[in-house]
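A short worksheet on the structure shown next.
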Amino acid sequence: MNTEAKTLTKSINKVGFLEKIKPHAELIAAGLSGGFIVAGWIFDKYGNGADSIIAYLLAFVIGGFAKAKEGIEATYENKELNVEMLMIFAAIGSAIIGYWTEGAVLIFIFAVSGALETYTMNKSHKEISSLMKLQPEEALLISSGYEKKVPVSVLRVGDLILIKPGERVPSDGLIIKGQTNIDEAAITGESMPVSKGTEETVFAGTVNMTGSITVEVTKESHDTLFHKIIELVQSAQSEKSPSQQFIERFEGTYVKVVLSVVLLMFFLPHFILGWSWQESFYRAMILLVVASPCALVASIMPATLSAISNGARHGILVKGGVHLENLSHLGAIAFDKTGTLTKGKPEVTEVIVKEGLDKNDLIWKAASIESHSNHPLANAIVNYVKSNINKELLYPESLEDVPGWGVRATINGEQWKIGKAAFVDSEHVDTFAEGRAKDLAGLGNTLVFIEINGELSAIIAMKDVVREETKLAIDHLKKQGIRTIMLTGDSEKTAQAIASESHVDEFFAECLPEVKVEKLKNLKTKYTTVAMVGDGINDAPALAIANVGIAMGGGTDVALETADIVLMKNDLPRIAEAIDLSKRMNRIIKQNVIFSITIIMLLISSNFFQVLDLPYGVIGHEGSTILVILNSLRLLK
């Protein structure tokens, strides 16, 4: 490799390394700041004052740069001082009166909190890019009898597009030719593909599974349902919580009051109380140090981190303290059905065969036929046979897939049909097995009918079954006084059956993503603080709009990125544990806040009465910080 090539390779590697560490730059700066604080303390202890001050200065600059920049920019934009600026002033004030360690520690604490805020913010925007990947960039446009690949953005209402098996639908539209099965999990979240034919609607982002279809575009790319999902997520994430708004209003007033009082202490005590200029300046600097909210910051952050660590050890991943805090205030929890309350995959619940036929033999032959299909219902039949019948599957003599209806096959000389009721001997469906089909459908089952040599011979009932732990989890939440609601894209009958089995208080059926968002908004109006539990792409807007979004660990990347809390082991009962942990955390935070405010007020008043010297002020200020941290560490157990 020549010298130029080596130089280019090094440059590329350097850029790659910088890109990797960029998201963690603030955390690295905080770590370096902490290291220099330790170095400064060591130098100071062993009598090397000059090196000590240099180390502390480096801790100030490296640790405080990001927050100082943020504070200065916010002050310039909003024309108002903020807590970031107060922290900088307090740290500088500490240094002015010779307490470099205290100033550096203030900078370090704020640097760490800022790094965590930035990390959380970066994570919260990733799901948008994940969603965008599911939107096809090109479509096959039919124009004057010819097919032409064009960008999706140029499609207009009325255009005709061809969508082949395995391709994603590029735009909302109406099928005008062809029949197929559409996987609509991206929109409805339901695991069962939907059979669609002419004059039926398809949505952008869904997957065409079996047949080729010609679709007339009914909406332009920026108006599609899938694009609305992205907009809903962006909109929900931009909304500030009430507590966030309160803090933003409070901090400006707090900073102004503290700085105003500090400035007054430079002059008024000298003229009114007869203090010397040195005493006035000394007391003003003590006030700037003891009034800094160091203990208040420590009241919340260590408690939050301890609670988050505790949750992580038990399979509960929390993306921020505010989300854990909100859990203790929940009035209601909304659940997606598929993959959340249920397993997310259809399972055979019952097999009914015509009198005189061998059940095991029939289902074995049916599995032999269905093993050549990748349809979820076919897979359920095959899995059922593999679990219950230890026989090698046959190979059909002939096989024909009829998109949207079922499959025809010849096996051992018999003519088989497996599929919808209308595909087989539909005249006898209602009377077969004394009308059991109607009862099974009423319980939320999807029915597959089998016809052998022209006679209806069997019904296979399949359902996305409720998880074993679901009932336990719902019952625990009810004991905590929380209302439970199921939101699903399924039909009313299926939703009613699953709601009854899972013990939820109420349910809403046939919910598209925007309907789920509307339901969440209504629930928030009624119950104030509401959580949403889901696992699919279609759940992303609802997860974002909820006060607390909870995703199943086995869910889609978009759901995991959008959610505030992730149940790593898909373990619903962990929600009740997380709520208990939240209540403990909030209780300890309240103890810390009350204690720290009391100490700050005591120190401030003592300073005004000139009974507080600087060393005792520092001991009281830093001691209260240590005590609230130790109290917070109880949450690790």
Check step by step if side chain to side chain contact (heavy atoms under 4.5 Å, CB included) holds for I54 and F36. CA-CA 9 Å; I54 291 172; F36 281 117; over 6 Å; no
Would you sort out whether V566 and I316 count as a side chain to side chain contact (heavy atoms under 4.5 Å, CB included), showing the intermediate values? CA-CA 6 Å; V566 178; I316 305 164; over 6 Å; no
Where do I597 and I599 land on the side chain to side chain contact (heavy atoms under 4.5 Å, CB included) test, with the steps shown first? CA-CA 5 Å; I597 290 177; I599 294 297; over 6 Å; no
Test side chain to side chain contact (heavy atoms under 4.5 Å, CB included) on K516 and K519 and set out the steps. CA-CA 5 Å; K516 287 186 177 182; K519 296 294 183 187; 5.6 Å; no
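Using modelled atom types, one finds no donor on one side chain facing an acceptor on the other under 3.5 Å when comparing H270 with W275.
Rounded to the nearest 0.5 angstrom, I37 CD1 and W41 CH2 are separated by 13.0 Å. Here the straight-line distance linking atom CD1 of I575 with atom CD1 of I565 works out to 8.5 Å at 0.5 Å rounding. Put simply, CG on L523 and OG1 on T528 are 11.0 Å apart, with the number rounded to the nearest 0.5 Å. From Y56, atom OH reaches atom CZ of F60 across 9.5 Å, with rounding to the nearest 0.5 Å. Distance check, rounded to the nearest 0.5 Å: CE of M265 to CD of E279 gives 8.5 Å. With values rounded to the nearest 0.5 angstrom, I474 atom CD1 is found 7.5 Å from I333 atom CD1.
Taking both residues in full, the closest heavy atoms of W277 and F266 are given as CZ3-O, 3.4 Å, listed atom of the first, atom of the second, then distance. Taking all atoms of both residues into account, the shortest heavy-atom contact from I485 to A332 is CD1-CB, 3.8 Å. Between A546 and A531, the shortest heavy-atom distance links the atoms CB-C, 4.2 Å. Closest of all the heavy-atom pairs between A59 and S33 is O-OG, 3.1 Å. Taking every heavy atom of both residues into account, D564 and N547 meet most closely at OD2-O, 3.8 Å. Closest approach of G40 and S52 over heavy atoms only: O-OG, 3.0 Å.
Panel note: side chain S582, backbone L324; a donor-acceptor pair is recorded below 3.5 Å. Between the side chain of D539 and the main chain of D535, a donor-acceptor pair closer than 3.5 Å is present. Side chain of D505 to main chain of R483: no donor-acceptor pair is present (N/O by atom type, distance under 3.5 Å, no hydrogens or angles). N607 contributes a side-chain N or O that, together with a main-chain N or O of R283, makes up a donor-acceptor pair within less than 3.5 Å. Side-chain N or O atoms of K69 include none that pairs as donor or acceptor with a backbone N or O of G64 at under 3.5 Å.
Looking only at side-chain heavy atoms (C-beta outward), V261 and L259 stay at 4.5 Å or farther from each other. Side chains of V533 and M552 form a contact here, defined as non-hydrogen atoms less than 4.5 Å apart. In this structure, N326 and L330 have side chains that are not in contact, with every pair of non-hydrogen atoms separated by 4.5 Å or more. Taking 4.5 Å as the limit, some side-chain heavy atom of Q480 sits within range of a side-chain heavy atom of D580. Residues T598 and M601 have side chains not in contact (no heavy-atom distance under 4.5 Å, counting atoms from C-beta outward). Contact of the R584 side chain with the R587 side chain is registered, since non-hydrogen atoms from C-beta on lie closer than 4.5 Å. Proximity of D336 to L487: side-chain heavy atoms (C-beta onward) are nowhere separated by under 4.5 Å. Looking at heavy atoms from C-beta onward, L572 lies in side-chain contact with F335 at the 4.5 angstrom threshold.
In this structure, the side-chain hydrogen bond (donor to acceptor under 3.5 Å, both in side chains) partners of N586, at least two apart in sequence or on a different chain, are S328. Contacts of I272 classified as side-chain contact (heavy atoms from CB on, under 4.5 Å), with partners at least two apart in sequence or in another chain: L268.
Heavy-atom neighbours of F595 CZ from other residues, nucleotides or ligands within 6.0 Å: above the threshold of 12.
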